[in-house]
Amino acid sequence: QVSVLYFARSAELAGLRCETLRVPRQVTSLQLWEEIVRVHPRLAVIRDQVVFAVRQEYVLLGDQLLVLQPGDEVAIIPPISGG
Amino acid sequence: MDESEDVPKDFIKLKSEKLSVDEVSELVVSPYCGAVSVFIGTTRNNFEGKKVIHLEYEAYTSMAESEIKKICRDVRQKWPSIKHIAVHHRLGVVPITEASVIIAVSSPHRAESLEAVMYCINTLKASVPIWKKEIYEDEYSWKENKECFWANSEK
């Protein structure tokens, strides 16, 4: 069970900012994205513009294997615009 | 003269209240430094012909703070003479002409603090998870920094 955090446009599309999801302990970042889109299909439109932050480190959507622990934070990160 | 009393410090704050240039620059002042360089990011009132009513900022706060700390660490590696670094970023609603970000850096001589301030704002725009929404008269838009490598550059 991981905490999924949604920000900016992804929070608008998902309709929420935070939830717990049950996901496989080992999963590629792309598979994780697909699990999340299964729950929130409206997120599909931003697939090419987001990255993840897993335990506060950026991860691209792709083949990278993630080893997740219970309670880990996974955040959907749309293109940033600070400063 | 005992410079070990003036240990280099990073001052990082994300807050919804109005930012103060006096406050941020005073944080980095040091008797061992002859230079304080300051960058202020303010809100413009127009974008592509549309009138901007105000900006709204949100952040992944804990990660934003840790990314800014990483920037401070990098600054100290590149410019070892840098003394203090302060980065204040506003969250929530920011009215036009008010500051959304203030960065101040002190160093014994001016070259390092001037370069470090530029590095800080450029790197912040590329790596810190903060988002800006521009509110126009009839619509709004989530902005994307060109420095952000996962944004589509052509829309």
Side-chain angles (χ1 to χ4, degrees), chain A residues 2-21 28-34 36-37 40 42-64 66 68-83, chain B residues 14 19 39-43 47 55-71 87-91 94 99-103 117-134 140-155:
Chain A
V2 297
S3 289
V4 183
L5 306 179
Y6 301 89
F7 293 97
R9 183 127 186 263
S10 69
E12 290 178 345
L13 291 168
L16 76 178
R17 297 205 153 264
C18 173
E19 63 183 343
T20 44
L21 280 186
T28 68
S29 53
L30 186 56
Q31 285 167 343
L32 179 60
W33 173 255
E34 283 160 3
I36 292 169
V37 171
H40 301 287
R42 290 173 63 196
L43 287 173
V45 298
I46 57 170
R47 181 196 181 288
D48 291 337
Q49 296 155 54
V50 297
V51 297
F52 280 125
V54 179
R55 294 183 296 267
Q56 305 198 356
E57 297 287 339
Y58 292 117
V59 176
L60 293 173
L61 265 53
D63 296 330
Q64 186 172 337
L66 304 172
L68 299 170
Q69 315 282 357
D72 273 351
E73 256 180 25
V74 172
I76 315 288
I77 310 279
I80 55 178
S81 38
Chain B
L14 304 179
L19 302 182
F39 171 80
I40 308 164
T42 57
T43 61
F47 177 73
L55 303 186
E56 289 177 19
Y57 283 91
E58 70 179 68
Y60 182 4
T61 324
S62 51
M63 187 176 175
E65 285 170 359
S66 72
E67 287 295 311
I68 297 173
K69 270 193 207 111
K70 286 183 195 170
I71 295 174
V87 178
H88 281 203
H89 201 300
R90 194 160 171 194
L91 299 180
V94 182
S100 23
V101 62
I102 302 178
I103 299 173
V117 162
M118 180 154 73
Y119 176 85
C120 278
I121 183 62
N122 289 345
T123 313
L124 187 153
K125 282 181 169 290
S127 68
V128 175
I130 295 177
W131 295 270
K132 168 167 83 181
K133 192 158 119 178
E134 265 176 7
Y140 67 83
S141 165
W142 287 105
K143 305 305 298 181
E144 302 181 359
N145 288 344
K146 62 182 186 336
E147 297 85 349
C148 172
F149 72 83
W150 62 94
N152 289 339
S153 46
E154 34 172 53
K155 296 242 159 257

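Order of the sequence lines fixes the chain letters, A, B, ..., with proteins taken first and strands second; residue numbering starts at 1 for each chain. Predicted, not measured: the structure shown is a model, and the values here were computed from it.
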Within the distance-only criterion (no hydrogens, no angle test), does the side chain of [X] pair as donor or acceptor with the backbone N or O of [Y] below 3.5 angstrom?
| X | Y | answer |
| --- | --- | --- |
| B:Tyr57 | A:Gly83 | yes |
| B:Trp131 | A:Phe7 | no |
| B:Tyr60 | A:Gln56 | no |

Segment of [X] engaging chain B (4.5 angstrom heavy-atom cut-off):
| X | value |
| --- | --- |
| A:Glu57 | both |
| A:Leu5 | side chain |
| A:Arg17 | side chain |

- Any residue meeting side chain to side chain contact (heavy atoms under 4.5 Å, CB included) with A:Leu60, in chain and number order, not counting sequence neighbours: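 Listed in chain order: A:Val51, B:Phe149.
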- Apply side chain to side chain contact (heavy atoms under 4.5 Å, CB included) to A:Glu34 and list each qualifying residue two or more places apart in sequence or on a separate chain. A:Leu30, A:Arg38
- Item | Contact class of B:Trp142 relative to chain A, heavy atoms under 4.5 angstrom |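 For B:Trp142, side-chain heavy atoms alone lie under 4.5 Å from chain A.
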- Message: Taking atom NZ as the centre, does B:Lys70 end up with more than 12 heavy-atom neighbours from other residues, nucleotides or ligands that are less than 6.0 angstrom away?
- Response: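 Yes, because the 6.0 Å sphere around NZ of B:Lys70 holds more than 12 heavy atoms from other groups.
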- Side-chain contact test, heavy atoms from C-beta onward, threshold under 4.5 Å: evaluate it for B:Met63 versus A:Glu73 and give yes or no.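 A side-chain contact under 4.5 Å is absent here.
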- Message: For a quick test of reading the model, state the closest non-hydrogen atom pair linking B:Leu124 to A:Ile80 and the distance between them.
- Response: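 So the minimum-distance heavy-atom pair works out to O-CD1, 4.5 Å.
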- When every non-hydrogen atom of B:Val128 is compared with those of A:Tyr58, the smallest separation belongs to C-OH, 4.0 Å
- Under 4.5 Å, counting heavy-atom pairs only, tell me which of A:Pro79, A:Ser81, A:Ala75 racks up the most with chain B. A:Ser81
